[in-house]
Amino acid sequence: MPELPEVEVLKRSLEPHLVGRRIRSVEVREVRLREPVRPKLLARHCAGRRIVRLRRRSKYLLADLEGGYTLVIHLGMSGRLTLAEPATPAEPPELHEHVTFLLAPGGASRKPQRLRFRDPRRFGLVLSLKTATLDRDRHFAHLGVEPLSEAFSGGLLAHRAAGRRAPVKSFLMDARNVVGVGNIYVCEALFRAGIHPFRSAGRIALRRWDTLAGAIVEVLCRAIEQGGTTLNDFLDGEGNPGYFRTALDVYGREGEPCRRCRRPIRRKVLSQRSTFYCPGCQH
DNA sequence: CGTAGACCCTGCGCGC
DNA sequence: TGCGCGCAGGGTCTAC
């Protein structure tokens, strides 16, 4: 479900509600996520602690807590993190609501609330780590550059891609090279840059890397402005969908005419992922 | 080291 | 209506 724009939108939507607010307790009713949830550890790090700030790294949402710990949440493919009004005692949790954070009154709300983590496919992740050493943790240590940071550039990508024979699409989706770019936005950025997704990463000229880096930044920023892309079930923390779907040029448009040249958009499978592109505009 | 492929899991929409 | 199939925005692990 979520790529960088969706996680960024989620973060911004939750910020006014969560920053400064205290977590009362944590309920875990399913530990079998991408990695086993550790309920006792999570409770020890979270319970009674205030959320100091929210951050995003790659597709991870981070909540720094008092006491030097950071709550780490990844939505995988089907995860959703939403605020809910106080639960009445009789109200059951949602189906697949694996973790619930009970929040004390505060932030934008005078009432206690629940922050609900729901994830049918269980590819997501909920854990807590020491804030000071987060970057050295195995989840983060290998991660590449943030595409919306100053450090990101075509030159950086070109340097890393030198000599690589893998398709440029695979190269861009490898988080060791650049983070946050998933299957939707990689297709969109490659279309905007006029680059064929199957072209070897090592066989792209520097000028085209500059164009591509610009296209990545552009498409991510536009998507954030539109609240992300809702295909089936993406919602932000307040339950709002995103509206970037109508702006997609190639993703999910197999057989439909290219907006630029009118030739039908093609779909091919690359490492088990659908890859959409225009055979006329991308080379 | 880089690369290709299998795998993890549930739900949905489609054609029959 | 029911069933089987392919598909889905994530990441990790293995074999070569």
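Both backbone and side-chain heavy atoms feed into the values below; hydrogens, waters and symmetry mates do not. For clarity, every value in this text was computed on a predicted model and none was experimentally measured. Protein chains get the first letters and strands the later ones, always in sequence-line order, with residue 1 at the start of each.
A 6.0 Å sphere centred on CZ of A:Arg55 holds more than 12 heavy atoms belonging to other residues, nucleotides or ligands. Atom CZ of A:Arg203 is surrounded by 12 or fewer heavy atoms from other residues, nucleotides or ligands within 6.0 Å.
For B:dG11, one of the phosphate oxygens OP1 or OP2 lies less than 4.0 angstrom from a side-chain nitrogen or oxygen of A:His96. A close approach under 4.0 Å does not occur between any side-chain nitrogen or oxygen of A:Lys59 and OP1 or OP2 of C:dG9. Between A:Arg273 and C:dG10, a side-chain N or O to OP1/OP2 separation shorter than 4.0 Å is present. Close to B:dA6, at under 4.0 Å from its OP1 or OP2, lies a side-chain N or O of A:Gln272. OP1 or OP2 of B:dG2 sits under 4.0 Å from a side-chain N or O of A:Arg164. Contact annotation: A:Arg122 reaches the phosphate of B:dT10 (side-chain N/O to OP1 or OP2, under 4.0 Å). Contact between the side-chain N/O atoms of A:Tyr185 and the OP1/OP2 oxygens of C:dG9 is not found at any separation under 4.0 Å. Remark: A:Ser274 is in phosphate contact with C:dA8, judged by side-chain N or O atoms under 4.0 Å from OP1 or OP2.
Candidate nucleotides C:dG9, B:dG11, B:dT3 were compared by shortest atom distance to the side chain of A:Phe234, and C:dG9 ranks first. For A:Leu95, whose side chain is taken as the heavy atoms from C-beta onward, the closest listed nucleotide among B:dC9, C:dC7, B:dG11 is B:dG11. With C:dG9, C:dG11, B:dA4 as the choices, the nucleotide that has an atom nearest any side-chain atom of A:His74 turns out to be C:dG11.
In this structure, A:Phe123 does not pack face-to-face on the six-membered ring of B:dC9, missing the 5.5 Å centre cutoff or the 30° plane limit.
Residues A:Tyr185 and A:Tyr251 keep their aromatic ring centres 6.0 Å or farther apart.
Nucleotide C:dG9 holds its P atom 10 Å from the CG atom of A:Asn232, rounded to whole Å. Rounded to a whole Å, the CG atom of A:Leu125 is 15 Å from the P atom of B:dC9. Whole-Å rounding puts the A:Arg176 CZ to C:dT12 P distance at 10 Å. When the C1' atom of B:dG5 is taken as reference, atom CG of A:Asp174 falls 15 Å away, rounded to whole Å. Atom CZ of A:Phe198 and atom P of B:dT3 are 15 Å apart (whole Å). Taking atom CG on A:Asn183 and atom C1' on C:dG11, their separation rounds to 13 Å, with Å as the unit. Look at CE on A:Met173: it is 15 Å from C1' on B:dT3, rounded to the nearest Å. Per the geometry, CD belonging to A:Glu254 stands 15 Å off P belonging to C:dG6, to the nearest Å.
On the P atoms, C:dC7 is 16 Å away from B:dG5, given to the nearest whole Å.
For A:Arg121 and C:dA8, a side-chain-to-base donor-acceptor distance below 3.5 Å is present, hydrogens and geometry of angles not being considered.
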Could you walk me through whether A:Thr82 and A:Asp236 satisfy the side-chain contact (heavy atoms from CB on, under 4.5 Å) test, starting with their C-alpha distance in whole Å, then the side-chain angles of each, then the deciding distance to 0.1 Å, before giving a yes or no?
CA-CA 7 Å; A:Thr82 47; A:Asp236 72 13; over 6 Å; no
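Remark: B:dA6 base-pairs with C:dT12. Criterion, Watson-Crick or G-U wobble with two distances under 3.5 Å.
Side-chain N/O atoms of A:Arg245 and A:Thr229 include no donor and acceptor closer than 3.5 Å.
No contact: A:Arg118 has no heavy atom under 4.0 Å from any strand.
Both the sub-6.0 Å distance and the 45° axial angle are not jointly satisfied by A:Arg176 relative to the ring of A:Phe171.
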